Number of protein chains: 2
Amino acid sequence: MTGPTVTEEVKLGPMADSLGFLLRLSQLESFRDFYTGMEDLGMRPGEFSVLMLIGENPGIRQGVLARKLMIKRAHMTKMVQAMEADGLVTRTVPPEDKRSIELRLSEQGAARLAHMRGPFEEHESRNLSRLSDAELDTLKRLLKTYLDVRE
Amino acid sequence: MTGPTVTEEVKLGPMADSLGFLLRLSQLESFRDFYTGMEDLGMRPGEFSVLMLIGENPGIRQGVLARKLMIKRAHMTKMVQAMEADGLVTRTVPPEDKRSIELRLSEQGAARLAHMRGPFEEHESRNLSRLSDAELDTLKRLLKTYLDVRE
DNA sequence: TATTGTTATACTCTATAACTATA
DNA sequence: TATAGTTATAGAGTATAACAATA
């Protein structure tokens, strides 16, 4: 009975220095953390971020949200329609530009989000990584610079 | 003619400090860079990394590769079968463990990879970001620590 | 003419489970 | 019993293009 091979050494070669490669694996790892910490919330990271951003930006238009989250407009339509069907968000056409749609949290959506906020903050502050808290701060700062996100 | 709204300010709120959120957006951004720099290679980041790792680890087993790249085994089967059909990789069953499959680059696969290596290195060294080269190095180092990847 | 959101289509990827053959 | 890979299925996400309403 030898169990699974212990030496699962995989040489990464040039990939070990590829930013995209490292970001991809890190993102998958962090999403795994997300599910571990917030498993019973019944919401995936993408949906959660959409709901959070609507909460932070009442009246935000669909297209703006889609661009910010790098989600295709067509896909955003489906997501948001599903959220409306679930009673989490409202969609209103503003008179200034009847092509667009403004998004807001419904009372129910706000309540749902409030309920998730605690576990989320906990999840975020629980540093399960091999990084020190200082390193984690540096990492976030560098990512924000990379993304041109200002505080 | 007012063009698109200039003030597309979106408040990120707590999401701006979420590692997972920052990693997700950064990863999407970096993949966009990948496509910009290597558009005519006819290969996506995931496929490219699979081919690279097979090149770096001749005889690597499918499952090991799948675990390392955090790709589901079922999906890896399809990817690798497609690559075999394209004549890029060979799949052989080793006598020591007839359940497993060893992956190697075919001559054609090696040639294809050699052909992509130049553009890839160029793409990687071309720093289009707002990060200095030193910051980029730090970012990669921190991501490697996060992933427990050693040089 | 250009933009916003919508619909439709095709494809990729994920998640899961059942299956086979081997160990 | 457990593991490696396969197959099948359902659902999520992506990419693209065409469309209506509006600007």
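Quick note on labels: first sequence line is chain A, next is B, and so on, each numbered from 1. Since this is a predicted model, take the numbers as computed values, not measurements.
Using a 4.0 Å heavy-atom distance criterion, Ser100(B) is classed as a sugar-phosphate-only contact. Nucleic acid contact class of Lys72(A) (heavy atoms, under 4.0 Å, all strands): base. At the heavy-atom level, Glu102(B) lies nowhere under 4.0 Å from the strands shown. The residue Glu47(B) sits apart from the nucleic acid: no heavy atom pair falls under 4.0 Å. In this structure, Arg24(A) reaches the sugar-phosphate backbone alone: every heavy-atom distance under 4.0 Å involves primed, P, OP1 or OP2 atoms, never a base.
Considering every non-hydrogen atom in both Phe31(B) and Gly20(A), the closest pair reads CE1-O, 3.8 Å. Minimum interatomic distance between Ser26(B) and Leu143(A) (heavy atoms only, all atoms of both residues): OG-CD2, 3.5 Å. Of all heavy-atom pairs between Met38(B) and Met116(B), the closest is CE-O, 4.2 Å. Contact between Ser129(A) and Asn127(A) at its shortest, heavy atoms only, is OG-OD1, 2.6 Å.
Distances were taken from every side-chain heavy atom of Arg44(A) (C-beta onward) to each of dG5(D), dG5(C), dA12(D); the shortest belongs to dA12(D). Residue Arg73(B) places its side chain closer to dG5(D) than to any other of dT22(D), dG5(D), dG5(C). Taking only side-chain atoms of Arg99(B), from C-beta outward, the nucleotide of dA23(C), dT6(D), dT22(D) with the closest atom is dA23(C). Of the candidates dT6(D), dT6(C), dT12(C), the closest approach to any side-chain atom of Gln62(B) belongs to dT6(D). Counting only heavy atoms from C-beta on, Lys98(A) has its side chain closest to dA23(D) among dG13(D), dT6(D), dA23(D).
With rounding to whole Å, Ile101(B) atom CD1 is found 18 Å from dT3(D) atom P. Between the P atom of dA12(D) and the CE atom of Met76(A) lies a distance of 16 Å, rounded to the nearest Å. Rounded to whole Å, atom C1' of dT12(C) lies 15 Å from atom CE of Met43(B). In this structure, the CE atom of Met83(B) is 16 Å from the P atom of dG5(D), given to the nearest Å. Note: OH (Tyr35(A)) to P (dA12(D)) measures 11 Å, nearest angstrom. Following rounding to the nearest Å, Leu65(B) (CG) and dA4(D) (C1') show an atom-to-atom distance of 14 Å. Across the protein-nucleic acid pair, Arg67(A) atom CZ and dT14(D) atom C1' stand 18 Å apart, rounded to whole Å. Between His75(A) atom NE2 and dG11(D) atom C1' there is a gap of 11 Å when expressed in whole angstrom units.
Look at Gln81(A) and you won't find any side-chain N or O under 4.0 angstrom from OP1 or OP2 of dG5(C). Neither OP1 nor OP2 of dT14(D) sits under 4.0 Å from any side-chain N or O of Arg32(B). Not one side-chain nitrogen or oxygen of Thr77(A) sits closer than 4.0 Å to the OP1 or OP2 atom of dG5(C).
Between Asp97(A) and Ile71(A), the residue anchored nearer the 5' end of DNA chain D, judged by the nucleotide with its closest heavy atom, is Ile71(A). Along DNA chain D, the nucleotide nearest to Ala74(A) and the one nearest to Pro94(A) differ in position, and the one closer to the 5' end is contacted by Ala74(A).
The residues Glu102(B) and Arg104(B) are annotated as salt-bridged, a charged nitrogen and a carboxylate oxygen being separated by less than 4.0 angstrom.
In terms of hydrophobic clustering, with Ile, Leu, Val, Met, Phe, Trp and Tyr side chains grouped at heavy-atom distances under 4.5 Å, Leu128(B) and Leu147(A) are assigned to different clusters.
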